[in-house]
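Below: the structure, in structure tokens.
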Amino acid sequence: MPREDVWLASDLRIAADCRRRLSILHDDNLTAAGPNFVTHLECSETGELYEADVVHGLSAAGKPLLVRYDLDGVRGALTKAALAGRPRDMWRWRELLPVRSAESIVSLGECETPLIALPRLGARHSATPPVVKDEGRLPTGSFKARGLAMAVSMAKALGIGRIAMPTNGNAGAALAAYCAAAGIEAFVFCPDDTPEVNVREIALQGAKVWRVNGLIGDCGAIVGAGRQAMDWFDLSTLKEPYRIEGKKTMGLELAEQLDWQMPDVIFYPTGGGTGLIGMWKAFAELEAIGFIGPERPRMVAVQASGCAPIVRAWEAGERHAAKWEDAHTVAAGIRVPAAIGDFLILDAVREAGGFAIAVDDGAIIEARDRIAATDGLLLCPEGAATAAAWEVALDQGLIGKDDRCVLFNCATGLKYPMPEANATLDQFQPIAWDTLR
Ligand SMILES: *Cc1c(COP(=O)(O)O)cnc(C)c1O
């Protein structure tokens, strides 16, 4: 095929795919004008009700708001068979999502992420190999894309023109990309030791970004303080209702990939906890629409021992987690000293019969390096923390050797610093082959 034709053909394929997606969003009872199945929002602590379709931050009680749906309606409208015929992306769950029209969707190609077994890791412990849900395949290289695709789509639908956010890196990168795609202005504040690649990708994707001499909470305080003067919308973790709905799709997707059988245990690297809370919500909604029964996986919140407020609260039997002082870990995505959704994380872990566990940076990096070399999957440090925690939990008898465990790798390992590899060869000198070992 001549070059022009190749381009044309690929263009047509993309156009056809978009049309298919749009038509799918428009069919059945979902039209460009709605209605979909959102009924209202609800305070996660007091249960107080809030109107949908207007801009919300936290509830009056200062707690996260959760989106509620007419689940009986969804039960009548959605079948597993209909779902199976849809494109393999996160928008296929539209009956359980807050976006009301195809036009407001801001998409950069949020693919379904694969499940990848780690047989060598399993063999090392004579255990059923754990399976990694590899979220590093998503746009901007992390699962923050799920939350931000949803939150930015909703912001666009609600007419928000300027957004600000504190970030440890990946959330800011996803915010920058989706805001660029949506034509929304983005202001991002990150700790000054955020991985260099994150700060640069944020800047490159059109956001204004500052390095702040503090931690993520200090960056969040700047976002809060600037609200009046800058007239921006605060998109901090759980301070608006829709990121959790995007992250929820991890749980929906996992259930379908496992043919509606729950795994025994899910290990989740927990920072703000959006994904853990979101998956827990997803499972409840799937049960309410009749797609799964009452069985649930044990949810395990994994943190780094240099920043483990949830683990400390779990061990003390508390419902809220005190702020962690002097937080430090190589796993930047889970360096969150204080989480506004702490009680939602701890409630979910408790209800699930799970636990919270911390692993130190040495174990995280050792696990990352070993698994990359033996199983061929380069995890991010946060993902490697779940693998290290799986090993410790196995050793301590917190889980069984036959348990089917899912580990969440939340970003591509390529975004993080790697050990040097600097062996050289001089092509003009004779090569001593027996030294190439
Ligand atoms: C944000 C992030 C996490 C933590 O996710 P939460 O759902 O906010 O707890 C874990 N790993 C990586 C790579 C992240 O970017």
Side-chain angles (χ1 to χ4, degrees), residues 64 113 132-148 150-151 165-177 188 190-191 194-195 197-198 201-202 216-217 219-220 235-240 242-251 266-282 299-304 307-311 321 324 327 329-342 344-346 348-349 356 359 364 368 378-389 407-417:
T113 62
V132 173
K133 181 129 174 89
D134 190 11
E135 297 279 300
R137 319 290 174 108
L138 285 159
T140 70
S142 89
F143 70 175
K144 292 296 194 300
R146 293 185 190 262
L148 274 307
M150 193 65 65
M165 180 199 273
T167 182
N168 279 327
N170 288 326
L175 177 74
V188 178
C190 50
T194 298
V197 63
N198 290 131
E201 66 179 324
I202 292 166
I216 188 158
C219 298
L235 211 85
S236 303
T237 302
L238 293 179
K239 286 192 182 166
E240 64 81 54
Y242 302 112
R243 276 172 73 177
I244 194 170
E245 295 303 295
K247 284 273 198 89
K248 179 180 90 177
T249 60
M250 292 190 292
I266 291 179
F267 284 80
Y268 186 81
T270 306
T274 330
L276 193 149
I277 298 163
M279 283 195 277
W280 198 240
K281 185 173 189 280
M299 305 293 285
V300 178
V302 177
Q303 298 200 299
C307 182
I310 298 295
V311 177
W324 190 274
T329 168
V330 290
I334 53 175
R335 194 178 58 172
V336 180
I340 192 161
D342 53 359
L344 298 172
I345 301 168
L346 288 159
V349 168
V359 284
I364 291 173
R368 178 195 67 175
L378 179 56
L379 302 169
C380 63
E382 298 84 350
T386 67
L407 313 178
F408 269 83
N409 184 51
C410 301
T412 167
L414 296 173
K415 278 198 183 188
Y416 296 78

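Order of listing sets the numbers, starting from 1, for every ligand and every atom in it.
Under the 4.5 Å side-chain criterion, counting only non-hydrogen atoms from C-beta, Phe408 is in contact with Met279. Ile277 is listed as a side-chain neighbour of Leu238, based on a closest heavy-atom distance under 4.5 Å. In this structure, the side chains of Pro309 and Pro337 stay at 4.5 Å or more apart for every pair of heavy atoms. Contact annotation: the side chain of Arg243 approaches that of Leu148 to within less than 4.5 Å [non-hydrogen atoms, C-beta and beyond].
The closest approach between a heavy atom of Phe408 and any atom of ligand 1 is not below 4.0 Å. Assignment of Lys247 to the shell around ligand 1 is supported, since a heavy atom sits closer than 4.0 Å. Look at Thr270 and you'll find a heavy atom under 4.0 Å from some atom of ligand 1. In this structure, Ala171 does not count as a contact residue of ligand 1, since none of its heavy atoms falls inside 4.0 Å of the ligand.
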From CA spacing to verdict: side-chain contact (heavy atoms from CB on, under 4.5 Å), Leu138, Thr113: CA-CA 7 Å; Leu138 285 159; Thr113 62; 3.7 Å; yes
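Checking only distances, Ile334 never comes within under 3.5 Å of ligand 1, N or O to N or O. Considering backbone and side-chain atoms alike, Gly271 places an N or O below 3.5 Å from some N or O of ligand 1. Of the polar atoms of Thr274, at least one N or O is found under 3.5 Å from an N or O of ligand 1, judged by distance alone. Of the N or O atoms in Asn170, one or more lie within a sub-3.5 Å distance of an N or O in ligand 1.
Between the choices Pro381, Gly383, Ala411, Gly272, the shortest heavy-atom distance to atom 8 (O) of ligand 1 belongs to Gly272. Taking only non-hydrogen atoms, the option from Arg243, Lys144, Glu382 nearest to atom 14 (C) of ligand 1 is Lys144. Considering Gly273, Gly172, Gly413 only, the shortest heavy-atom separation from atom 6 (P) of ligand 1 involves Gly273.
Comment: Lys144 does not engage Glu135 in a salt bridge, judged by the lack of any side-chain N to carboxylate O separation of less than 4.0 angstrom.
Between the side chain of Thr274 and the backbone N or O of Gly272, no donor-acceptor pair lies under 3.5 Å. Asn168 places a side-chain N or O within donor-acceptor distance of the main-chain N or O of Ala332, the cut-off being under 3.5 Å.
The closest protein non-hydrogen atom to atom 5 (O) of ligand 1 is Phe143 CZ, 3.3 Å. Among protein heavy atoms, the minimum distance from atom 7 (O) of ligand 1 is reached at Tyr268 OH, 2.5 Å. Distance from atom 12 (C) of ligand 1 to its nearest protein heavy atom, with residue and atom name: Cys410 CB, 3.6 Å.
Close approach of ligand 1 to Tyr416 is summarised as follows: ligand atoms under 4.0 Å from at least one heavy atom of the residue are 13 (C). Applying the 4.0 Å criterion to heavy atoms of Gly275 picks out, from ligand 1, the atoms 7 (O).
Summarising the geometry, atom CG belonging to Leu276 is positioned 6.5 Å from atom CD1 belonging to Ile345; distances are rounded to the nearest 0.5 Å.
For the pair Asn170 and Tyr416, the tightest heavy-atom approach, listed with the atom from each and the gap, is ND2-OH, 3.2 Å.
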